[in-house]
Amino acid sequence: PDFSRTNLIISGFTESIQIALFATALGLLISIPVALLAANNIMPRGLHWIGRSIIIVARSFHPVIVAIIFVKAVGFGPFAGVLTLMVYSLGFVGKLLAEAIEEIDPGQVEAMRATGAGFVKVLWYAVFPQILPRQTGLSIYQLDSNLRASAVVGVVGAGGIGGTLMNAFRRFDYDFALAILLLLIAIILVSEAISGRLRSDLS
């Protein structure tokens, strides 16, 4: 492996980490209202199906396919990667969070409604406290997953270390490509260890 071009490696991995962080933050921000909309125990059936449809569409395509679409739409670079992984995060977190909301203790919700509390207060005091541990665990897992996926979507031009890796293969620069792959494996192993430790501490 050829580790001599450290500037290219560092800039590629830095961009991948930035893509993963921004995409995870945006995806989680959007997934919370969508999950609430998709939960059939707190939403009317008509609205429930709207939320479910959004999640189904977000989960219907592989991230590489979504990345190709966004690269065509907004051009090559990290912005396409952020949009791709945001959709990926929305589909995964939205589905599991909606299921977590549907599994909450209905007694707390009914107690809040019996006191005359409005919808927002019911969410704030009866729903969110019950799903917070699950939401935290999902957030950590999704960040770890997006870090891996950012390298994959970069192969089709959506920024990050994947683009650097693909360029190395195109130039038949296999020594440099091997160096990138080894560092990618090392970073994913470290990320997996950290996220696993955080999830175990929260459980």
*Short question: side chain of S145, backbone of Q142 - any donor-acceptor pair under 3.5 Å?*
no

*Determine, for E102 against R52, whether the closest basic-nitrogen to carboxylate-oxygen distance falls under 4.0 angstrom.*
yes

*asked:* Checking side chain to side chain donor-acceptor pair (under 3.5 Å) between S4 and each of N7, T6, D2, which is the one that passes?
replied: D2

*F70/F79 aromatic ring centres below 6.0 Å*: no

*Do Q108 and D105 come close enough that some side-chain heavy atom pair is under 4.5 Å?*
yes

_Can you tell me which residue among L21, I17, L85, I161 is in a side-chain contact (heavy atoms from CB on, under 4.5 Å) with S150?_
L85

*Check whether any side-chain heavy atom of N146 lies under 4.5 Å from a side-chain heavy atom of S89, and answer yes or no.*
yes

_I want to check something: taking the side chain as every heavy atom from C-beta on, are R171 and F176 in contact at a cut-off of under 4.5 Å?_
yes

*In terms of hydrophobic clusters joined by side-chain contacts under 4.5 Å, are L90 and F22 together?*
yes

*Mark yes or no for whether H48, through its side chain, and A38, through its backbone, hold a donor-acceptor pair below 3.5 Å.*
yes

*Does T84 use its side chain to pair, donor to acceptor, with the backbone of P63 at less than 3.5 Å?*
no

_As a quick check of understanding, evaluate side-chain contact (heavy atoms from CB on, under 4.5 Å) for L183 and F3, giving each step before the final call._
CA-CA 10 Å; L183 287 173; F3 293 96; 3.8 Å; yes

*Within one Ile-Leu-Val-Met-Phe-Trp-Tyr cluster: I54 and I56, side-chain cutoff 4.5 Å*: no

*Determine whether M166 and F13 fall in the same hydrophobic cluster, where Ile, Leu, Val, Met, Phe, Trp and Tyr are linked whenever their side-chain heavy atoms lie under 4.5 Å apart.*
no

*asked:* Between R5 and D173, does any NZ, NE, NH1 or NH2 come within less than 4.0 Å of an OD or OE carboxylate oxygen?
replied: yes

*Out of I101, I140, L96, L97, which one pairs with Q135 under the side-chain contact (heavy atoms from CB on, under 4.5 Å) rule?*
L97

_L147 side chain reached by I187 side chain, heavy atoms, under 4.5 Å_ = yes

*asked:* Are the side chains of L47 and I50 in contact, using a 4.5 Å heavy-atom criterion?
replied: yes

*Are F128 and I104 close enough that some pair of their side-chain heavy atoms sits under 4.5 Å apart?*
no

*Are any non-hydrogen side-chain atoms of L123 and I42 less than 4.5 angstrom apart?*
yes

*Say whether L37 and V87 are linked into one hydrophobic cluster, either directly or through other cluster members, by side-chain heavy-atom distances under 4.5 angstrom.*
yes

*asked:* Same cluster or not: I19 versus L26, using hydrophobic residues (I, L, V, M, F, W, Y) connected whenever any side-chain heavy atoms lie under 4.5 Å apart?
replied: yes

*Any side-chain heavy-atom pair of E99 and K95 under 4.5 Å*: yes

